[in-house]
Each structure stands twice: as C-alpha cells, then as structure tokens.
Amino acid sequence: MTRTPLMAGNWKMNLDHLEAVATVQKLAWTLDDAKHSYGDVEVVVCPPFTDLRSVQTLVEADKLGVKYAAQDVSKHTHGAYTGEISAKMLAKLGCAYTVVGHSERREYHGESDALVNEKVRALCAEGITAIVCVGEPLEIRKAGEHVAYTLKQVRDCLADLDDNHLAQVVIAYEPVWAIGTGEVATADDAQEVIGAIRGLVVEMYSAEIADSMRILYGGSVKSSNVAELMAKPDVDGALVGGASLDPVEFAKICRFREHVI
Ligand code: PGA
C-alpha cells in the first residue's frame with residue numbers, strides 16, 4: 001500500500017485573515033500549484049478559525065490544490081456552548097481536515113484522550129478527517145516510557161471507532177519536548193514510535209486499516225530535516241508549526257522528494 005504523503009502547516013494563533021490570504025497565495029504560487037508540480041503530496045494549511053472563510057474563498061476562486069483545516073472543534077453538534085465551533089460549521093466551510101488533541105490544547109485547556117475521542121467522532125460524522133495528535137513530554141521520554149505512553153493515548157483517542165471512521169483518521173506523533181523548541185526527534189526516534197503506533201492499529205483494528213492510515217511526525221520539522229524523516233518507512237508526512245508560517249520554507253518542506261539526504 002502506498003500512502004499519500006501529507007504535509008500540514010499548523011499556524012496556531014498566528015496570521016489574521018488578510019495575512020492568511022497573502023500566505024496561501026504565496027504558498028500556492030511557490031508550489032506552482034496550477035501544475036501540481038509537488039507531485040502527489042497533499043498540502044494542508046491549518047489557519048485560525050477567523051481565517052477559514054477567507055482561505056476557502058481564495059482556494060475556490062483560484063482552484064488551488066492546497067487544502068485547509070481547523071485547529072480544533074467542539075465535541076457538541078450545536079447549542080449553548082459559547083465560543084465553540086461545530087464540525088458541521090467546518091464542513092460547510094470545506095475543511096477537509098481538523099487537528100484535535102494538540103499538546104497545547106491538552107496542556108492549556110486540560111483536554112483528555114476521552115474528549116479527543118469525542119471530537120474525532122464529531123468530525124467523522126461530518127466526513128472531516130481528524131488529525132489526532134499524541135506524544136510524550138520530556139520526563140516520560142527520559143524515563144524511557146515514551147512508546148507505552150503514546151500508545152495509551154492512541155488507544156484511548158481511537159477507542160471504539162467504526163472501521164469507516166478509522167479510514168478518516170490521521171495520527172500525528174508529536175513529542176512535546178520537540179514542539180517549538182528546535183529540538184527535533186531523530187528520524188529513528190520518530191520511526192520507533194510511529195512504527196509502534198501502526199502495530200497498535202493492527203492490533204486494535206486490522207492490518208488493512210493500519211496499512212492505509214497515515215501517521216505524521218511533528219516537532220521542529222524544517223526543510224533541512226524533513227527528507228530524512230520522510231525516508232523512514234512508517235513516516236507519512238509532517239505536522240509543521242513554526243516553519244509553516246513562511247510559505248517559501250513550507251513549500252520546500254512539501255517538496256521533500258527533491259531534497260538530497
Ligand atoms: P513546531 O510545532 O513545528 O513549531 O515544533 C509543531 C506543532 O506543534 O504541530
């Protein structure tokens with residue numbers, strides 16, 4: 001099974017809607033989007049909620065190949081939940097993907113694996129692919145318990161999903177100590193955990209689902225280290241934070257196949 005590589009740029013709380021339009025335009029232009037010369041790589045940007053409508057308008061008007069995603073979603077479908085955004089609203093805006101369970105949501109908003117599981121279900125119900133983030137903090141890595149810790153997160157975030165829901169899930173392994181720190185996990189570190197995640201999905205669901213599921217690495221990915229990470233058999237793409245704010249750098253990341261390792 002060949003899995004389509006996925007490069008997702010998580011802008012976090014950066015770039016307003018005007019900056020978003022300029023950034024996506026420059027990204028598409030740099031990627032030479034009209035010719036899709038970056039091959040089969042799926043390119044996704046994850047702007048803040050307030051930018052999504054503007055990005056949708058641009059992508060539709062210029063028929064860009066770049067896709068877009070939200071950074072979070074409510075577990076509720078609708079109602080009296082001040083400040084929340086539903087999966088249905090995101091589907092209406094044409095979001096193909098949505099990030100859930102990012103370590104910053106877990107740390108600053110107390111999000112649990114059980115809540116992430118509910119958010120995945122909410123997205124699946126609307127046909128949106130969840131990018132489910134997992135990964136260990138530094139003290140767990142130092143104790144050598146990173147694989148067990150991360151697998152438990154995956155088990156709990158994906159608990160009791162139907163097979164057709166699973167087909168709509170992407171996992172992003174993001175060791176917390178590597179996020180925004182410049183401290184990138186080695187390609188072997190990434191492969192160790194991502195390979196173990198794929199093994200767990202075989203156990204929980206089936207070899208077929210595990211084989212088709214894309215599992216990304218995230219944490220200080222740049223154009224200078226992406227090719228080495230992508231050379232690993234189980235690494236199917238990257239969730240890129242800081243480096244995705246620069247469209248030229250992010251385009252270089254998307255063109256990882258052209259890099260020499
Ligand atoms: P970073 O962020 O690339 O800036 O380390 C990754 C992420 O948080 O998704």
Side-chain angles (χ1 to χ4, degrees), residues 5-15 19-20 23 27 41-49 51-52 66-73 95-111 113 116 119-120 123 129-138 140-141 146 149-150 153-154 157 169-187 189-191 193-194 197 214-230 232 235-256 259:
L6 173 61
M7 294 298 168
N10 174 14
W11 294 359
K12 309 191 180 185
M13 199 172 71
N14 294 293
L15 308 182
E19 293 164 329
T23 303
L27 174 64
V41 178
E42 229 182 310
V43 178
V44 178
V45 291
C46 315
F49 286 131
D51 299 2
L52 286 171
V66 172
K67 296 178 182 167
Y68 48 92
Q71 299 172 14
D72 187 31
V73 67
C95 287
Y97 295 87
T98 291
V99 177
V100 284
H102 190 279
S103 66
E104 287 149 16
R105 301 288 320 165
R106 292 172 184 268
E107 186 179 347
Y108 307 133
H109 302 272
E111 294 199 2
D113 294 326
V116 174
K119 292 185 173 192
V120 172
L123 291 169
T129 298
I131 301 178
V132 181
C133 302
V134 293
E136 81 286 353
L138 186 58
I140 299 287
R141 160 78 44 177
H146 48 287
Y149 180 96
T150 305
Q153 287 183 318
V154 173
C157 290
V169 167
V170 168
I171 297 178
Y173 169 58
E174 300 205 302
V176 178
W177 48 271
I179 296 178
T181 57
E183 188 87 41
V184 66
T186 65
D189 289 339
Q191 171 60 33
V193 182
I194 291 177
I197 293 172
R214 285 176 298 175
I215 310 180
L216 318 181
Y217 168 78
S220 300
V221 173
K222 302 188 246 343
S223 61
S224 57
N225 57 31
V226 65
E228 206 186 322
L229 289 157
M230 291 303 289
K232 293 293 171 187
V235 179
D236 302 319
L239 185 55
V240 184
S244 73
L245 296 173
D246 172 355
V248 174
E249 170 66 3
F250 188 49
K252 261 194 217 165
I253 291 172
C254 298
R255 291 179 181 278
F256 70 94
H259 304 187

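As the structure lists them, so they are numbered: ligands from 1, and atoms in each ligand from 1. Just so you know, these numbers use all the heavy atoms, side chains as well, and skip hydrogens, waters and symmetry mates. These numbers come from a predicted model, not from an experiment.
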Looking only at distance, does A243 have an N or O less than 3.5 Å from an N or O of ligand 1? no
Ignoring hydrogens and angles, tell me if any N or O in the side chain of H102 forms a donor-acceptor pair with the backbone of Q71 under 3.5 Å. no
Find all atoms of ligand 1 within a distance of less than 4.0 Å from any non-hydrogen atom belonging to A178, and give their numbers and elements. 5 (O)
Side chain of Q153, backbone of D113: donor and acceptor closer than 3.5 Å? no
Can you list the residues that meet the salt bridge (charged side-chain N to carboxylate O under 4.0 Å, His left out) rule with R141, with sequence neighbours excluded? E136, D189
How does N10 reach ligand 1, if at all, at less than 4.0 Å between non-hydrogen atoms: by side chain, backbone, both, or neither? side chain
Does the N or O separation between K12 and ligand 1 drop below 3.5 Å for any pair? yes
Where the side chain of R106 meets the backbone of C133, is there a donor-acceptor pair that is under 3.5 Å apart? yes
To the nearest 0.5 Å, how far apart are CG in N225 and OH in Y217? 7.5 Å
Counting N and O atoms only, with roles assigned by atom type, does the side chain of H259 sit under 3.5 Å from a partner on the main chain of E228, one being a donor and the other an acceptor? no
Note: ligand 1 atoms sitting under 4.0 Å from heavy atoms of G180 are 1 (P), 4 (O), 5 (O)
Show which atoms of ligand 1 fall inside a sub-4.0 Å distance from at least one heavy-atom site of G242. 1 (P), 3 (O), 4 (O)
Do the side chains of V193 and H146 get nearer than 4.5 Å, heavy atoms only? yes
In ligand 1, which numbered atoms sit nearer than 4.0 Å to a non-hydrogen atom of E174? 6 (C), 7 (C), 8 (O), 9 (O)
Atoms in ligand 1 flagged as close to H102, the criterion being non-hydrogen separation under 4.0 Å: 7 (C), 8 (O), 9 (O)
Note: ligand 1 atoms sitting under 4.0 Å from heavy atoms of G219 are 5 (O)
State the atoms of ligand 1, each with its element, that fall below the 4.0 Å cut-off from a heavy-atom position in S220. 1 (P), 3 (O), 5 (O)
Is there side-chain contact between Y68 and C46, with at least one heavy-atom pair below 4.5 Å? no
Looking at ligand 1, does any of its N/O atoms fall within less than 3.5 Å of an N/O of G241? yes
